[in-house]
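Step one of this worksheet: look at the structure below.
Quick note: residue numbers are just sequence positions, from 1.
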Amino acid sequence: MSDRLGAPGAPELDELVAEGVSPWLDGLSRGHLASGRLTRLVAHTGVRGVTSDPAVLATAVGTDDVYRDQLAGLASADICAADAVRAVSARDVRWACDELRPVYRATGGLDGLVSMDLDPRLVRDAESAVAEAERALRAVNRPNAMVKLPATAEGIAAIRDCVGEGFPVHVTAVFSVSRYRQALDAYVEGLRRARADGRRLPVVASVASLPVGLLDAEVDARLRRLGTPEALALCGEAAEASACLFYQVYDDLFGGAHWRALAAAGAHPQRLMWTATTVPEREASPTRYVERLVTWGTVNAMTLPTLEAAARRLGLCGDTLMGRYRAAQDVWTRLERLGIDADAVARELETRTAERLAASWDSLYAAVDAGRQAYRPR
C-alpha cells in the first residue's frame, strides 16, 4: 500500500462523510494497531469505525509476531480454547476502541465503534448468544465495542435479546428486504425492552450490514448461466437495487411516528452498512460500491485496498439511493421474471455465509491453539 493513504492533510474521505456516509475499515488486525496505521487512518483519512473478521484474525495469529507475547502468556494459563480466542480478540478490539474513542465522543456514540465477532453458531440458542455477548463485551470493557450477530432465522431472537440487555449489536449477513425487516423489528423490540428495564438507550448503537459484493456475485452468476441479452443486461444491478429497497424500509421506519418515542429516549437508528465492497473484476472501478451507494445515515466498510482507491479517486455525484425506490423495485421485478427469486438467493447466501464463518472460526481456534502449544512450558 502506498504511503499516501493516511498522510497528513485534510481527511481524504471527507467528501463521503459530507454526504452522510461513515467510512469504516473492514478487517481489524493487531498489525494495523502496532504499526500506527489505524491511528493515521482515523486522523488523516476519515475512518470512523472498524469491523473485525475471524478469517483475518486467524491468518494474523498464525503469521504475525505481534501476537507472540500474548500467546506465550496464554500457553501457561489454564483456560479453554474459547476463552483463549476471546482474550486474543478482545485485546485487538480494546486497542482499536481506544484509537476510535475521540470519534465516539465527538459523534455522541454514533460512530467510533468497533465490531467484535462471536462464534455465529451460538445464535442457535439465544440465551447462549446473550451470555457470550456479555462475556465478550466485559472482556473488552469499552463503551464503543459492538458484538456481531448474523440475521439468520435463529439469529433474530439473539439480536432482540442482546439489544434488550443494552448491548451494541452489529447485525450481519442481511441479504433480503424481508430479513432486514425482521432484523429491524428485533432491534426496535429490543430497545423497547431495554427502555422498560431502565437501560440507557443512547449507548445501544447498532448497524445492519448488506454484503453487496456477495449479493451481486450470486445474482450475476445466475444471470450468466441464463445467458440471454435481457439477463446479461441486469448484471451488476441487484445489490444496488437491494440497497435502495433496504433504505426505503429504513427511511419509512425511522422517519415514522412509531420511532419518535424511542428517539425521544435517546435511541439511535440502526444504520445500514454496506460490506463486501471489494470489486473483483479488473475492468470495473474499485470504488464502484463506494460511489454508487451514497445516502445519508449509512456506513461503508472497506478493506485497506478499497480505502486506498477511494482516497485517490473518489468522485461523488450526490445521493444515489433516496427517492429511487421505484427503479430499484423494477430491477427485482425483472430479475424475478427471469426466475431469480430474492428470498431464494438470500437463503443460499445465508447458508453459504454461515458455512464460511464456521470454517473461519474453526481456523481461528486452531491458530490460537497452535500458538499456545508452541509456547507451552516443557
Practice task
Take Glu230 and Arg337, measure what salt bridge (charged side-chain N to carboxylate O under 4.0 Å, His left out) needs, and give me the verdict at the end.
Solution key: CA-CA 11 Å; Glu230 183 184 6; Arg337 285 173 182 163; over 6 Å; no

Exercise for the section: Can you see which heavy atom on Trp24 is nearest to which on Arg271, and at what distance? Expected result: CZ2-NH2, 3.9 Å

Practice task
Following the transitive rule for hydrophobic clusters with a side-chain heavy-atom cut-off under 4.5 Å over Ile, Leu, Val, Met, Phe, Trp and Tyr, establish whether Leu100 and Val17 coincide in one cluster.
Solution key: no

Fill in the blank from the handout: For Gly31 and Val66, the nearest pair of non-hydrogen atoms, with its separation, is N-CG1, 4.2 Å

Handout entry: Asp92, Asp117, Asp26 screened by side-chain hydrogen bond (donor to acceptor under 3.5 Å, both in side chains) with Ser52, the one that passes
Key = Asp117

Problem - Tyr180 side chain vs Leu210 backbone, donor-acceptor pair below 3.5 Å - result: no

Practice task
Would you please indicate yes or no on a ring centroid separation below 6.0 angstrom for Tyr250 and Phe246?
Solution key: no

Practice task
Flag yes if more than 12 heavy atoms outside Glu127 fall under 6.0 Å of its CD atom; otherwise flag no.
Solution key: no

Problem - side-chain contact (heavy atoms from CB on, under 4.5 Å) between Leu28 and Leu33, intermediate numbers included - result: CA-CA 8 Å; Leu28 174 65; Leu33 297 159; 4.1 Å; yes

Handout entry: salt_bridge(Arg334, Glu237) N-O dist < 4.0 Å
Key = no

Problem - Donor-acceptor contact present, side-chain Thr45 to main-chain Glu12, <3.5 Å - result: no

Exercise for the section: Please step through side-chain contact (heavy atoms from CB on, under 4.5 Å) for the pair Leu223 and Leu335, ending with a clear verdict. Expected result: CA-CA 9 Å; Leu223 290 169; Leu335 286 168; 3.8 Å; yes

Problem - Carboxylate-amine/guanidinium proximity below 4.0 Å for Arg193 and Asp161 - result: yes

Practice task
Answer yes or no: is there an ion pair linking Arg135 with Glu132, defined by an N-O contact shorter than 4.0 Å?
Solution key: yes

Handout entry: Thr320 side chain vs Val294 backbone, donor-acceptor pair below 3.5 Å
Key = yes

Problem - Leu293 backbone acceptor or donor facing Asn300 side chain under 3.5 Å - result: no

Practice task
Say whether, by atom type as modelled, one donor and one acceptor occur between the side chain of Asp111 and the main chain of Val103 under 3.5 angstrom.
Solution key: no

Practice task
Report whether Ile159 and Val174 are members of the same hydrophobic cluster (ILVMFWY, side-chain heavy atoms less than 4.5 Å apart, transitive linking).
Solution key: yes

Practice task
May I ask whether Leu184 and Leu245 are part of the same hydrophobic cluster, defined by side-chain heavy atoms of I, L, V, M, F, W, Y residues being less than 4.5 angstrom apart, directly or through others?
Solution key: yes

Practice task
Spell out, as yes or no, whether a donor-acceptor pair under 3.5 Å connects the side chain of His268 to the backbone of Pro202.
Solution key: yes

Exercise for the section: Taking Ser128 for its side chain and Leu122 for its backbone only, find out whether a donor-acceptor pair lies under 3.5 Å. Expected result: no

Handout entry: Thr59 side-chain N/O to Ala55 backbone N/O, donor-acceptor pair under 3.5 Å
Key = yes

Practice task
Evaluate the side-chain proximity of Asp53 to Thr51: yes if any heavy-atom separation is below 4.5 Å, no if none is.
Solution key: no

Practice task
Rounded to the nearest 0.5 Å, what's the gap from OG1 on Thr277 to CZ on Arg292? Could you check?
Solution key: 13.5 Å

